[in-house]
A.B. asks: 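Quick one: this structure, given as structure tokens, is what I'll be asking you about.
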Amino acid sequence: MSIVEQTKNKIIEEIKQAVVASGMVESEQIPDFVLEIPKEKSHGDYATNIAMQLTRIARKNPRQIAESIVGHLNKEAASVSKVEIAGPGFINFYMDNSYLTGVIGQILEAGETYGKTNAGGGKKVQVEFVSANPTGDLHLGHARGAAFGDALCNVLDMAGYDVSREYYINDAGNQIVNLARSIEARYFQALGRDMEMPEDGYFGKDIIEFGKELAERHGDKYANMSPEERFVFFRNWGRDKELEKIKKDLADFRVYFDDWFSETSLYEQGLVEQSVEELRKRGYVYEQDGATWLRSTEFGDDKDRVLVKQDGTYTYLTPDIAYHENKFSRGFEQLINIWGADHHGYIPRMKAAMQCLGHNPEQLVVLINQMVSLYQGGEKVKMSKRTGKAVTMRDLMEEVGTDATRYFFTMRSQDAHLDFDMDLAVSKSNENPVFYVQYAHARICSIFRQAEEQGITFQPDKGEFIRLTSEKEVDLLKHLGAFPQEIAAAAEMLAPHRIVRYVHELASMLHSFYNAERVITEDEGLTQARLALMKAVQTTLANALRLLGVSAPQKM
RNA sequence: GUCCCAGUAGCUCAGUUGGAUAGAGCAACGGCCUUCUAAGCCGUGUGUCGGGAGUUCGAAUCUCUCCUGGGACGCCA
């Protein structure tokens with residue numbers, strides 16, 4: 001446990017004892033209250049609202065209650081130097097901040113692992129994200145999902161959850177048939193023969209390239225095959241080709257998966273059929289109009305859903321039920337799916353299906369990534385699936401860079417629409433927030449280079465840390481100490497964008513300190529103490545950026 | 001028509017699960033480099049928190065209702 005957390009817990013403990021000692025309520029009756037760091041510095045280092053929370057039980061006005069609590073508070077035990085009552089009844093605590101320097105030692109010792117907690121208690125969580133059909137390039141929406149999902153996994157991992165990252169490959173449905181037909185058409189076109197693209201075909205430029213590639217390498221070899229044989233070849237070749245490209249794109253985006261789960265494998269193991277049978281056994285399946293239905297309305301869905309169509313094939317839902325059942329069978333306690341906004345209507349039926357199979361619907365959390373609008377030159381960039389004119393994730397990485405793209409996508413809460421300003425992201429100027437944070441890291445690296453040039457060896461001495469008492473130094477120490485709890489909160493709230501805010505604030509404090517004080521001075525002890533502080537900030541910046549998938553450059 | 005998400009400064013967005021005078025970046029203006037990187041710092045101001053009603057010591061946050069924008073409502077995936 002971090003020193004900051006220990007100190008905070010101690011204050012909470014002392015408050016509770018003071019409340020009981022004041023004789024207002026028994027310890028079991030103490031209501032929920034918060035001990036928070038006030039926004040306003042003039043409100044102390046910590047503040048609590050307990051007096052207001054007690055008004056109803058104690059039947060006194062909050063200021064009187066606060067007086068009574070303060071009168072019974074053991075200040076020494078809570079390492080509090082001063083207490084004030086303010087506003088409607090807040091109790092403000094002013095701390096003896098010397099304990100804060102302890103965080104430096106903790107950070108230097110922990111290094112890359114600073115920020116790690118066991119808040120998640122090793123809970124087995126699976127996060128499924130991206131899961132784009134292997135039928136074309138990853139686009140903007142996928143990039144957002146990838147950046148958000150990966151950052152979320154990193155945060156969960158750091159907060160002590162046992163995280164597994166998974167990509168579901170939809171390689172069994174109609175879309176893969178359309179892929180084969182599209183490649184076939186492009187191949188014949190590349191050979192100079194007429195063939196129309198299928199109605200639901202994929203019009204991306206990548207498919208055109210595939211056609212050319214096959215025509216150049218193998219000439220009319222496939223044109224001479226039987227249509228059936230040709231279809232199978234194009235289907236498998238196209239799927240592998242698309243997957244390879246997706247994996248490459250994601251790797252370049254610094255996103256990796258523990259498992260790539262194939263839809264086809266569900267069929268091969270008979271799991272789809274098995275799930276339908278299980279649902280039938282549980283009494284949630286019926287036949288009507290020549291189709292097989294799931295009684296999903298039983299669990300809050302708008303209408304019942306078809307599992308097996310009139311033509312005997314499955315709907316998209318059916319293998320997906322089998323897939324989720326399979327996830328549970330692998331022992332995951334919590335499933336998190338990250339879906340695009342266009343799939344949100346699908347959530348109730350999936351949850352209903354899970355309940356039909358006897359699962360608690362709360363074990364499945366679906367996070368929706370809202371739409372991304374791209375702006376360039378002040379205008380919204382138009383996308384068209386039909387013509388294949390869409391900005392791909394690859395385009396973004398090449399034009400904007402991985403660091404800026406990932407930072408921008410993680411910067412915002414994922415359930416809000418995002419306007420992505422390409423001109424801003426691409427600009428190498430102070431308008432660009434990602435540089436601001438990276439620059440803080442590079443600046444510290446530069447200080448250490450400078451120290452080395454001057455023949456100073458970094459030898460942190462804990463005895464000197466008490467000299468870090470300036471306002472900027474205390475700000476930094478407090479913020480550094482809050483990092484582990486910040487990660488735990490981000491994990492709990494499934495909100496990695498909180499880390500972006502945290503790291504931006506830390507960078508801001510560093511820049512502010514940098515302009516106010518000098519690290520390398522004639523005073524050896526102070527120099528060492530400040531170098532140690534800088535090392536702690538550098539480590540924390542790097543750890544936070546790593547969670548976001550953004551690099552921490554040595555130089556800029 | 002039903003459901004989901006959103007509506008906060010000129011723009012893009014935060015808002016620590018109901019707290020004190022609602023914040024940040026960008027944009028605007030004025031200062032700061034013979035000293036560790038000026039991609040930086042310091043200062044200046046801007047709000048009917050979409051409207052209305054309610055809940056209470058206290059509401060951007062919770063409830064209801066209405067308005068606006070986006071999305072979803074297939075035996076497509």
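Order of the sequence lines fixes the chain letters, A, B, ..., with proteins taken first and strands second; residue numbering starts at 1 for each chain. From a predicted model like this one, the values you see are computed outputs, not experimental measurements.
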A.B. asks: For A14(B), give its Watson-Crick or G-U wobble partner with both distances under 3.5 Å, or none.
C.D. replies: none
A.B. asks: Expressed as a whole number of Å, how far does the C1' atom of U21(B) sit from that of U65(B)?
C.D. replies: 31 Å
A.B. asks: Does a side-chain N or O from Y436(A) land closer than 4.0 Å to OP1 or OP2 of C41(B), or not?
C.D. replies: yes
A.B. asks: Using the C1' atoms only, state how far C32(B) lies from C49(B), rounded to an integer number of Å.
C.D. replies: 36 Å
A.B. asks: Has the side chain of Q53(A) got a donor or acceptor atom sitting under 3.5 Å from an opposite partner on the base of G19(B)?
C.D. replies: yes
A.B. asks: Taking it one step at a time, do K327(A) and E166(A) satisfy salt bridge (charged side-chain N to carboxylate O under 4.0 Å, His left out)?
C.D. replies: CA-CA 10 Å; K327(A) 292 184 185 183; E166(A) 187 153 307; 5.7 Å; no
A.B. asks: With hydrogens left out and only the distance checked, is there a donor-acceptor pair under 3.5 Å joining N178(A)'s side chain and the base of A77(B)?
C.D. replies: no
A.B. asks: Quick one: classify the glycosidic conformation of U16(B) as syn or anti, with syn meaning within 90° of 0.
C.D. replies: anti
A.B. asks: Counting only side-chain N and O atoms of N174(A), is one of them less than 4.0 Å from OP1 or OP2 of A77(B)?
C.D. replies: yes
A.B. asks: Is it the case that the base of G71(B) and the side chain of D342(A) share a donor-acceptor contact (distance under 3.5 Å, atom types as modelled)?
C.D. replies: no
A.B. asks: Can you tell me which nucleotide in U17(B), U35(B), A20(B) comes closest to the side chain of P38(A)?
C.D. replies: A20(B)
A.B. asks: Might you work through the side-chain hydrogen bond (donor to acceptor under 3.5 Å, both in side chains) test for H343(A) and N337(A), ending with a clear yes or no?
C.D. replies: CA-CA 11 Å; H343(A) 281 72; N337(A) 290 353; over 6 Å; no
A.B. asks: May I ask you to verify if any side-chain N or O of K309(A) is less than 4.0 angstrom from the OP1 or OP2 atom of A77(B)?
C.D. replies: yes
A.B. asks: If you measure from the C1' atom in A60(B) to the same atom in G74(B), how many Å do you get, rounded?
C.D. replies: 39 Å
A.B. asks: If you look at every strand shown and take non-hydrogen atoms under 4.0 Å, does Y514(A) touch a base, only sugar-phosphate, or nothing?
C.D. replies: base
